[in-house]
2 protein chains.
Amino acid sequence: VVLLRRVIGDTLRAQRLAQHRTLREVSTAARVSLGYLSEVERGQKEASSELLSSICDALGVHLSEMLRDVSDTLAIAETAPVGVLEPVGDLERAVEPRARLAAHDVVAAA
Amino acid sequence: VVLLRRVIGDTLRAQRLAQHRTLREVSTAARVSLGYLSEVERGQKEASSELLSSICDALGVHLSEMLRDVSDTLAIAETAPVGVLEPVGDLERAVEPRARLAAHDVVAAA
């Protein structure tokens with residue numbers, strides 16, 4: 001079973017990385033702790049409705065848009081055989097170092 | 001601000017009423033307490049990812065479909081002036097007695 005909070009976390013994280021922003025930047029803008037945002041992105045914590053709104057605001061995306069992405073991802077997972085989403089996670093981990101580097105550049109430039 | 005849990009609650013409730021099913025039926029099928037499901041439907045409680053999956057399963061809808069409805073509703077709310085969604089709530093309350101009657105018929109027939 002694909003957990004909603006996992007897909008929401010992946011979606012928020014992908015959006016943040018696409019903007020080359022750090023956890024620190026987005027958590028500050030959303031007024032949530034860095035640790036909390038990190039846990040939400042990793043699907044380890046359920047984000048409250050208020051928090052999801054804040055994070056989406058901080059990312060400059062409508063909550064409806066984010067949820068549409070989540071719905072699309074879930075729809076694929078619902079029709080896919082079990083385990084097919086694992087490579088996506090691996091891919092994300094594979095690109096993480098580059099994203100971290102970009103994030104570091106942003107912090108250094110601030 | 002339109003709260004996600006409120007829209008999710010409205011969406012779940014609309015789906016349940018469209019199927020002429022009672023809170024009791026769906027809560028039993030989803031293995032959640034009737035009170036909890038009622039609070040989720042009224043947007044008073046955040047449903048966990050696991051719970052949302054169970055409720056959607058009990059309703060026979062994919063989580064992705066439910067979230068697509070939620071996204072569509074949010075998209076309207078995001079572009080609408082504040083307060084425009086209130087009549088929807090009034091409308092729901094207005095049709096509630098009929099829905100209750102239908103639900104009662106289902107129970108009586110079971």
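What's counted below: heavy atoms across the whole structure, side chains too, no hydrogens, waters or symmetry copies. Letters A, B, ... are given to chains in the order of the sequence lines, protein chains preceding strands, and every chain is numbered from 1.
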Open item on the list: Would you say that Glu50(A) contacts Leu3(B) through its side chain, given a criterion of any heavy-atom pair below 4.5 Å between the two side chains?
Closed with: yes

Task: Interatomic spacing from CG in Leu67(A) to OG1 in Thr73(B) - rounded to 0.5 Å - done: 11.0 Å

Task: From CA spacing to verdict: side-chain contact (heavy atoms from CB on, under 4.5 Å), Val2(B), Leu63(A) - done: CA-CA 10 Å; Val2(B) 178; Leu63(A) 184 56; over 6 Å; no

TODO: Enter the distance from Ser71(A):OG to Met66(B):CE here, rounded to the nearest 0.5 Å.
DONE: 9.5 Å

- [ ] Please report the shortest heavy-atom distance between Ser49(B) and Glu46(A), naming the atom on each side.
- [x] N-OE2, 2.7 Å

Task: Among Asp72(A), Leu52(A), Val70(A), residue most engaged with chain B (heavy-atom pairs, under 4.5 Å) - done: Asp72(A)

TODO: Would you indicate whether Arg31(A), at its atom CZ, is surrounded by more than 12 heavy atoms from other residues, nucleotides or ligands within a distance under 6.0 Å?
DONE: no

Open item on the list: For the residue pair Ser64(A) / Glu78(B), report whether a side-chain donor-acceptor contact shorter than 3.5 Å exists.
Closed with: yes

- [ ] Quick one: pull up NE2 in His62(A) and OG1 in Thr79(B) and give me the separation to the nearest 0.5 Å.
- [x] 8.0 Å

